[in-house]
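Notes follow once the structure below has been shown.
Naming convention: chains lettered A, B, ... in sequence-line order (proteins, then strands); numbering from 1 in each chain.
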Number of protein chains: 2
Amino acid sequence: MPEKMMKTIEVDEELYRYIASNTRHIGESASDILRRLLKLESQKTEPSAEPAPAGVQGEGVRRMLDAGTLAAQDSAIERFMTILSVLYRDNPAAFAQASDIKGRKRIYFADSEAALLAAGNTTKPRAIDGSPYWVITNTNTGRKRNIVTQLMAAMGYAHGLIERVSQSI
Amino acid sequence: MPEKMMKTIEVDEELYRYIASNTRHIGESASDILRRLLKLESQKTEPSAEPAPAGVQGEGVRRMLDAGTLAAQDSAIERFMTILSVLYRDNPAAFAQASDIKGRKRIYFADSEAALLAAGNTTKPRAIDGSPYWVITNTNTGRKRNIVTQLMAAMGYAHGLIERVSQSI
DNA sequence: GACGGGATCGCCGGGATAATTA
DNA sequence: TCTAATTATCCCGGCGATCCCG
């Protein structure tokens with residue numbers, strides 16, 4: 001198989017083993033494995049609007065909750081950003097649909113910092129890790145919970161899970 | 001970060017750019033970035049390695065305290081450096097895990113002087129005796145205590161001991 | 001980059017609370 | 001006008017690094 005343009009990176013041994021252990025089929029390349037683990041669209045495939053199978057929705061979110069990833073963060077903003085990042089990966093298409101929630105004047109999500117800055121004063125936008133989106137950040141904790149609640153509801157998560165997540169901020 | 005055993009893997013160019021674009025700070029390695037990206041959902045993430053048998057952990061540290069080694073030093077910096085050196089020897093692996101603590105802009109530990117210099121102005125790095133690490137030194141005493149406290153907590157030491165040590169700076 | 005130590009003070013991020021608007 | 005929702009000002013605590021002092 002003729003290689004596409006390949007780049008070489010170094011990873012420590014433990015990480016290497018972790019990646020290797022996630023091989024799904026013989027001969028699978030590091031790129032393919034990583035793409036799956038990172039939940040990136042596989043090469044070429046267009047944004048495929050197919051929402052993840054309902055059974056799967058929430059997997060990553062529960063894992064985040066159970067792993068104590070959130071408890072380890074020490075500010076509401078960090079927890080907020082982590083949650084959004086996980087939500088995006090859990091279902092990019094649904095996230096895209098749901099992300100048009102907004103307030104009276106401000107818009108909460110956008111694909112650029114400028115868009116958020118333009119819709120309010122001092123909104124303090126931040127990039128959502130591993131996604132093309134940005135969020136507004138200059139809000140009290142109550143509103144952060146709110147935003148997550150609205151977003152998850154629009155993405156179709158179950159009430160119980162929504163509650164757990166937003167309370168964990 | 002210390003020179004762990006490194007493995008080389010190949011990734012396609014798009015994936016490479018994706019990884020690079022998630023760099024959080026200058027000089028961050030591919031391993032570190034990937035670990036962060038994967039951690040959010042990697043099912044195997046045991047929340048950090050076990051902090052060595054409790055019985056052993058702290059031996060060297062107590063000895064240092066009791067021997068009055070610290071009291072003999074006449075500057076906070078000297079005491080600070082001595083403590084770090086002892087901590088490293090007490091448990092190099094835990095130290096490695098814990099040493100990624102950082103401030104708003106500066107990183108506190110690195111395996112080279114250059115890395116510390118690159119992340120701030122006039123950080124006055126110093127090599128930690130008997131280890132491959134360097135620390136930042138241009139801080140007030142309060143922050144030195146702070147750094148030691150955070151480091152020891154991340155290494156898994158008991159609160160009481162942490163308190164004794166950081167107060168002795 | 002060469003004096004070293006580190007207190008002091010300026011700056012910034014987090015986010016509660018005050019202000020504003022529907 | 002009164003209340004509820006939303007905005008964004010602004011205070012506080014933490015961090016950085018200049019600059020003073022021995």
Once you apply a heavy-atom cut-off of 4.0 Å, does [X] come out as touching a base, just sugar-phosphate, or nothing?
X      : answer
B:N121 : sugar-phosphate
A:G120 : sugar-phosphate
A:E78  : nothing

So if I take every side-chain heavy atom of [X] and compare against [options], which nucleotide ends up nearest?
X      : options               : answer
B:E113 : C:dG1, C:dA16, C:dG6  : C:dG1
B:N140 : D:dT6, D:dA17, C:dG15 : D:dA17
A:T122 : D:dA17, D:dA8, C:dG15 : D:dA8
A:Y108 : D:dT6, D:dC15, D:dA8  : D:dT6
B:R104 : D:dT6, D:dC19, D:dC15 : D:dC15

query: Which residue, A:T139 or B:N138, contacts DNA chain D at a nucleotide closer to its 5' end, judged by nearest heavy atom?
result: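 Checking each residue's closest nucleotide, the 5'-ward one belongs to A:T139.
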message: Between the base of C:dG6 and the side chain of B:K124, is there a donor and acceptor pair under 3.5 angstrom?
response: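 Yes, the side chain and the base share a sub-3.5 Å donor-acceptor pair.
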query: Taking atom C1' in both D:dA17 and C:dG1, what distance in whole Å separates the two?
result: 15 Å
- prompt: Would you say A:L117 and A:I77 are hydrophobically clustered, going by side-chain heavy atoms of ILVMFWY under 4.5 Å?
  reply: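 No, because A:L117 and A:I77 fall into different hydrophobic clusters, even though each may have its own neighbours under 4.5 Å.
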- request: Over 60° means perpendicular and under 30° means parallel, so classify the ring planes of B:Y133 and B:F95, tilted if in between.
  value: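 Because their plane-to-plane angle lies in the 30° to 60° range, the rings of B:F95 and B:Y133 count as tilted.
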task: Write down the atom of B:I83, the atom of B:S168, and the distance for their closest heavy-atom approach.
output: CD1-OG, 4.2 Å
